[in-house]
Amino acid sequence: MTHTAAPISSPDLARRLLAWYDRHRRRLPWRAEPGELADPYRVWLSEIMLQQTTVATVGPYFQRFTSRWPSVESLASADLDDVLTEWAGLGYYARARNLHRCAGVVAMEHGGRFPDTEEGLKTLPGVGDYTAAAVAAIAFDRPATILDGNVERVIARLRLVTDPLPGSKPKLKALAARITPMERAGDYAQAIMDLGATVCTPRKPKCLTCPWSDACVARVEGVAEDLPAKTPKKAKPTRRGTCFFVTDGQGAILLRRRVESGLLGGMQEVPSSPWIEEAETVSARDHAPVAGVAWRELPGMVRHTFTHFHLELTVLAGRVETGPEVADARWWPVERLGEAALPTVMAKVVRHAMGHLS
Ligand code: SF4
């Protein structure tokens, strides 16, 4: 190992990384085989699913989506509820609705073909800067610079960028852009993400096997594991709420559809009071969906963490003989709950309640 970083030119860095990629690329369900053209639909779908979710989680979802809806046209003509059901568990349901809208726009306004430039892609619903760059590079071989968490880490280390994220993003992007090659831009985009995911890992980067090892300033300075620096996050607040788990004489459970806008918009929920930061009070019971029920508080609590807050839910259980009509709600037979597209937090509420009632 040298004690100063070697001055390797950008084209040489790109060449080395591509040579490494040709030998060590990850096999991923949405990735084209060497020499095959990437399908823009599969690339776009995987990129939307991968936002804030891991490759391992996305794999089975991607397989189910593409076997059920193998083309953008088939996804466009799918029922939104079916799409939300398949999406359940991936979180961020606004993304699933945008996914469906985007498929509609591509099918109806673009003849089923995705725009092939970053600018064109950015006009689609739910496609932001990152996704547009990723699809332009991977599906259309455009020399677009993508900056995900993996790329940020690799570039911060290679070029010793010590300013903290997220403020350092523009600088990291500019540095990354200088290395992005004109040739094999799609492979390069995937190569740098693979390098971050498998070699330049957050802990214990495998610098000895890294194709950029001798050029990497953080490695030479012995500070690779300290980068990228991050601005300390504000502590997440905790919100609290009460869920009303009510069953009827046939054992059906009342589920309500949440309003379209906002968190978990349009998804089914076990009816609940608003989620607020103040301590819950008895007035939470004013939000009960059915009047005249003798509610019983179940022991324990359901906890879930969203991006911006922790949630603690108290669950009240009740029973009615005949389930009355409730606005935006349906009585769901237990055996059909799988079709209800319950978001993860609500699946936890149901499990918690059924665990105490069985
Ligand atoms: Fe990351 Fe180490 Fe490679 Fe530098 S040498 S880019 S720290 S794996």
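Since the structure is predicted, the reported quantities are computational estimates derived from the model, not experimental observations. One-based numbering, in listed order, for ligands and for the atoms of each. The first residue of the sequence shown is numbered 1, and numbering continues consecutively from there.
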Legend entry - Donor-acceptor contact below 3.5 Å, side chain K230 vs main chain P166: no
Legend entry - N, O or S of C210 under 2.8 Å from atom 3 (Fe) of ligand 1: yes
Inset, instruction - Examine R142 relative to F140 and say whether NZ or CZ is less than 6.0 Å from the centre of the six-membered ring and inside a 45° cone about the ring axis. - result: no
Legend entry - Geometric cation-pi criterion R258 and W275, 6.0 Å radius, 45° cone: yes
Inset, instruction - Would you mind listing which atoms of ligand 1 come within a distance below 4.0 Å of any non-hydrogen atom of R157? - result: 7 (S)
Legend entry - Heavy atom of the protein closest to atom 2 (Fe) of ligand 1 (residue, atom name, distance): C207 SG, 2.3 Å
Inset, instruction - Consider ligand 1: state whether an atom of it lies below 4.0 angstrom from any non-hydrogen atom of S213. - result: yes
Inset, instruction - If you have a sec, work out which protein heavy atom is nearest atom 4 (Fe) of ligand 1 and how many Å separate them, to one decimal? - result: C216 SG, 2.3 Å
Legend entry - Heteroatom N/O/S of C200 within less than 2.8 Å of atom 2 (Fe) of ligand 1: no
Legend entry - Structural part of A224 in contact with ligand 1, heavy atom criterion under 4.0 angstrom: side chain
Legend entry - Residue pair Y188 / R184, side-chain heavy-atom distance below 4.5 Å: no
Inset, instruction - Please work out which of the three classes, parallel, tilted or perpendicular, describes the rings of W20 and H24, given edges at 30° and 60°. - result: tilted
Legend entry - Beyond-backbone contact of E33 with R27, side-chain heavy atoms, under 4.5 angstrom: yes
